[in-house]
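Inspection log for the structure reproduced underneath, given as C-alpha cells.
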Amino acid sequence: MFALEVRDHMMIAHSLPRPVFGPAQGLHGATFIVDVAFFRPELDEDNLVVDIGLASVALKKILSPLTYQNLDTVPALIGKITTTEFLARYIFDQMRAAVLAGDLGPHAGGLEKIRVSLEESHIARAWYEGALA
C-alpha cells in the first residue's frame, strides 16, 4: 500500500463538559498538529498517490473554519464533545467529502482510505481511519 501524508495545524478553544475530563471541563485552548494520510494500493500513471498541493489546499480549507475559534460556538459542533478523537473523525468526514467531490483532482481516483491524525501534545495523539467507499 502506498501512502502520502500532508500536515497542517489548528489552534482552537473548547470545553469538554463532562466529569471524566476533570480540569478540561472548563474553556481551554489547544494546538493540534493535523496529519492526513491518503492510501492506495498502486501509484497512478504519474506515479502519484494524490496531488500534494491539492491535498494541502483541501486540508487548509477544512481547518480554516475551526482555527482560532471556540469550538463550543461553531455551528456544526454546538452540543458535541469535541475530543481529539471526535475531531479526527470530523476532519476525516470533511476530507472524504472533498475527495468524493473531486477537490483533490483526478489523481485521487485510486484512493482507498484516509487516516486523519491529531497530535495534541508530545505524548498524546488520536486518529480516525476509514475507507472512501
Side-chain angles (χ1 to χ4, degrees):
M1 185 72 68
F2 291 93
L4 179 127
E5 191 169 58
V6 295
R7 173 177 277 187
D8 205 332
H9 75 285
M10 65 178 177
M11 299 173 73
I12 58 96
H14 67 160
S15 60
L16 301 170
R18 298 271 174 95
V20 68
F21 298 110
Q25 291 178 77
L27 186 64
H28 62 280
T31 300
F32 292 102
I33 296 171
V34 182
D35 294 311
V36 180
F38 302 89
F39 298 88
R40 64 188 296 158
E42 299 296 333
L43 298 175
D44 72 4
E45 64 276 358
D46 294 314
N47 284 335
L48 295 174
V49 171
V50 70
D51 183 310
I52 293 172
L54 292 176
S56 296
V57 168
L59 180 56
K60 187 165 289 306
K61 183 178 177 183
I62 290 165
L63 298 181
S64 181
L66 306 177
T67 301
Y68 297 114
Q69 299 299 312
N70 176 351
L71 301 186
D72 299 345
T73 65
V74 171
L77 302 176
I78 291 175
K80 307 291 186 193
I81 300 173
T82 54
T83 61
T84 306
E85 299 91 334
F86 172 88
L87 291 171
R89 174 63 190 262
Y90 178 82
I91 295 166
F92 168 88
D93 289 342
Q94 302 295 309
M95 185 60 77
R96 181 180 181 274
V99 169
L100 296 177
D103 295 348
L104 276 70
H107 295 286
L111 295 175
E112 289 190 358
K113 67 179 181 172
I114 297 173
R115 179 179 62 222
V116 175
S117 175
L118 275 71
E119 185 175 322
E120 64 176 287
S121 76
H122 65 289
I123 61 170
R125 161 184 295 218
W127 67 81
Y128 183 85
E129 183 173 315
L132 286 172

Determine whether T31 and M11 make a side-chain contact, defined as any pair of heavy atoms from C-beta on separated by less than 4.5 Å. yes
Kindly determine whether V36 and R7 satisfy side-chain contact (heavy atoms from CB on, under 4.5 Å), including the steps that lead there. CA-CA 6 Å; V36 180; R7 173 177 277 187; over 6 Å; no
With the 4.5 Å side-chain cut-off for hydrophobic clustering, are M95 and F2 part of the same group? yes
Decide yes or no for L111 and V50: does some side-chain heavy atom of the first lie under 4.5 Å from some side-chain heavy atom of the second? yes
Out of I62, V116, L63, which one pairs with Q94 under the side chain to side chain contact (heavy atoms under 4.5 Å, CB included) rule? I62
Can you check side-chain contact (heavy atoms from CB on, under 4.5 Å) on V34 and H9, steps first, answer last? CA-CA 5 Å; V34 182; H9 75 285; 5.8 Å; no
Are H14 and Q69 side-chain neighbours, meaning at least one heavy-atom pair lies under 4.5 Å? no
Main chain of E42, side chain of R40: is a donor-acceptor contact present, judged purely on distance under 3.5 Å? yes
Residue pair L77 / L66, side-chain heavy-atom distance below 4.5 Å: yes
For Y128, does the six-membered ring have the charged nitrogen or CZ of R89 within the cation-pi criterion, i.e. under 6.0 angstrom from the centroid and within 45° of the normal? yes
L43 side chain near V49 side chain, heavy-atom distance below 4.5 Å: yes
Validation row: L118, I91 side chains within 4.5 angstrom (heavy atoms): yes
Let me have the donor-acceptor pairs involving side chains of residues 96-109, under 3.5 Å, with sequence neighbours excluded, atom names and distances please.
unit_1	atom_1	unit_2	atom_2	d
R96	NE	L132	O	3.1
R96	NH2	L132	O	2.9
H107	ND1	D44	OD2	2.3

Within a strict 4.5 Å, meaning less than it, do heavy atoms of the L4 and V6 side chains meet? yes
Tell me, do Q25 and S15 make a side-chain contact under 4.5 Å, heavy atoms counted? no
Using only atom types and a distance under 3.5 Å, with no angle test, would you say the side chain of R115 pairs donor to acceptor with the backbone of A37? no
Do any N or O atoms from the side chain of S56 and from the backbone of I52 form a donor-acceptor pair under 3.5 angstrom? yes
Answer yes or no: is there an ion pair linking R125 with E120, defined by an N-O contact shorter than 4.0 Å? no
Any ring pair (Phe, Tyr, Trp, His ring centres under 6.0 Å) involving residues 29-74? Give me the pairs, sequence neighbours left out, ordered by first then second residue. none
